[in-house]
Amino acid sequence: MAEPPRPSPLYLLIGALSWPVLKLVFRSTATGLEHLPPTGGYVLAANHWSNLDPWPLAIPLFPRRYLRFMAKSELFWFPLSAIITAGGGFRVRRGERDAEAVETAVALCRQGHVVVMFPEGTRRTKGLVKKHEAAAKPGAARIALAAGVPLVPAAVAGTDRLMQLARLRVAYGPRIPLDDLADAGPRDAADIATARLMAEIHRLEGTLA
């Protein structure tokens, strides 16, 4: 089987500098690593507290796997665009049905990359999680189904309290069943897979409480 794509030198540098910070300063821990495919592309979908959520999600896989993520198009100005791209980001137009971003994500998964997605779309509002929880979007499931790759759930905790040096915790879960959705239409399949995904993300969050 082909080796996973290699990250850019900047990605490796950021990871090398970040690892001791997460371990020593934020006391980062991760469980469920055995659920992550060692090779091949997949979609890693998690809850969303902060713009820095990809950071603790990526470090437990470093340097074996290269995580890719969508970044809003407003950030793609020179030289920041070069840094974001080298760090694994690719452009998405927020608030629109960005078919190009979805096609890019599908292509990356097929090439063996790990694409990070946040089905909630926007960051949660601290203190209002249960009452005003963001509605899940089917993009992560659509990408996994279109690319024919696993859909893996995850939960992250502590990124909303970085200034308080909160402990960062990550839990990865078993891949979401998709094989039984082959006969469903694309929209129905994505909706069913998303419901399963969010149920598992919420379960994983409970293990971090």
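Note that the numbering runs from 1 along the sequence shown for the chain. Quick caveat, the model's predicted, so the values are computed rather than measured.
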Open item on the list: Looking at R167 and F26, would you say the former's side chain and the latter's main chain have a donor-acceptor pair under 3.5 Å?
Closed with: no
Open item on the list: Between R65 and P37 (side chain of the first, backbone of the second, donor and acceptor by atom type, cut-off under 3.5 Å), is there such a pair?
Closed with: yes
- [ ] Show your working on side-chain contact (heavy atoms from CB on, under 4.5 Å) between S50 and D160 and close with a plain yes or no.
- [x] CA-CA 6 Å; S50 163; D160 58 327; 5.6 Å; no
- [ ] Could you grab the distance from atom OG1 of T85 to atom OH of Y11, nearest 0.5 Å is fine?
- [x] 14.0 Å
TODO: Flag yes if I14 and L22 sit in one hydrophobic cluster, no otherwise; membership is Ile, Leu, Val, Met, Phe, Trp, Tyr, and two members link when side-chain heavy atoms are under 4.5 Å apart.
DONE: no
Task: Exercise: identify the closest heavy-atom pair between L204 and A171 - done: CD1-O, 3.8 Å
Open item on the list: Could you measure the distance from the CZ atom of R175 to the CG atom of L36? Nearest 0.5 Å is fine.
Closed with: 9.5 Å
- [ ] Quick one: do E120 and N47 satisfy side chain to side chain donor-acceptor pair (under 3.5 Å)? Show the steps, please.
- [x] CA-CA 7 Å; E120 292 164 333; N47 58 323; 5.8 Å; no
Open item on the list: Minimum heavy-atom separation for I201 and A45, please, with both atom names.
Closed with: CD1-O, 3.6 Å
Task: CG-CG distance between L61 and L33, expressed to the nearest 0.5 angstrom - done: 6.5 Å
TODO: Specify the closest pair of heavy atoms between T194 and A190, including all atoms of both residues, with the distance to one decimal.
DONE: OG1-O, 2.7 Å
Task: Distance in Å, M198 CE paired with R203 CZ, rounded so as to fall on 0.5 Å steps - done: 13.5 Å
Open item on the list: Taking R142 first and then D191, would you say they form a salt bridge - that is, a charged N and a carboxylate O separated by under 4.0 Å?
Closed with: no
TODO: Determine yes or no for a side-chain-to-main-chain donor-acceptor pair under 3.5 angstrom, with R110 supplying the side chain and V149 the backbone.
DONE: no
Open item on the list: Are the side chains of W55 and V156 in contact, using a 4.5 Å heavy-atom criterion?
Closed with: no
Open item on the list: Working note: V170 + T31, criterion side-chain contact (heavy atoms from CB on, under 4.5 Å); need CA distance, chi angles, decisive distance, verdict.
Closed with: CA-CA 6 Å; V170 176; T31 60; over 6 Å; no
Open item on the list: Taking CG in D180 as the centre, count heavy atoms belonging to other residues, nucleotides or ligands within less than 6.0 Å. Is the count above 12?
Closed with: yes
Open item on the list: For residues W19 and L52: do they belong to one hydrophobic cluster (side chain heavy atoms under 4.5 Å, members Ile, Leu, Val, Met, Phe, Trp, Tyr)?
Closed with: yes
Open item on the list: With a 4.5 Å cut-off on side-chain heavy atoms, are W49 and F118 touching?
Closed with: no
Task: Joint cluster assignment, V102 & L151, ILVMFWY side-chain distance < 4.5 Å - done: yes
- [ ] List the atom of V43, the atom of C109, and the distance in Å for their closest heavy-atom pair.
- [x] CG2-SG, 3.8 Å
Open item on the list: Using side-chain contact (heavy atoms from CB on, under 4.5 Å), reason through L162 and L168 one step at a time and then give a plain yes or no.
Closed with: CA-CA 8 Å; L162 290 176; L168 296 180; 3.7 Å; yes
Open item on the list: Quick one about T159 and D53 (side-chain donor to acceptor, distance below 3.5 Å, no hydrogens or angles considered), yes or no?
Closed with: yes
Open item on the list: For R6 and L12: C-alpha separation, side-chain torsions, deciding distance, then whether side-chain contact (heavy atoms from CB on, under 4.5 Å) applies.
Closed with: CA-CA 9 Å; R6 293 292 298 167; L12 292 173; 4.1 Å; yes
TODO: Check whether NZ of the Lys or CZ of the Arg R64 lies under 6.0 Å from the centre of the six-membered ring of F62 and within 45 degrees of that ring's axis.
DONE: no
Open item on the list: Show the nearest heavy-atom pair for residues G173 and V152, with the distance to one decimal.
Closed with: O-CG1, 3.5 Å
Open item on the list: Keeping R196 on the side-chain end and P177 on the backbone end, is there a donor-acceptor pair under 3.5 Å?
Closed with: yes
Task: Rounded distance [0.5 Å steps], OH in Y66 versus CG in L108 - done: 9.0 Å
Open item on the list: Quick check: closest heavy atoms across A71 and I84, and the distance to 0.1 Å?
Closed with: CB-CG2, 4.0 Å
Open item on the list: Any non-hydrogen side-chain atom of K137 less than 4.5 Å from a side-chain atom of P119?
Closed with: no
Open item on the list: Nearest 0.5 angstrom please: K23 NZ to I59 CD1, how far?
Closed with: 9.0 Å
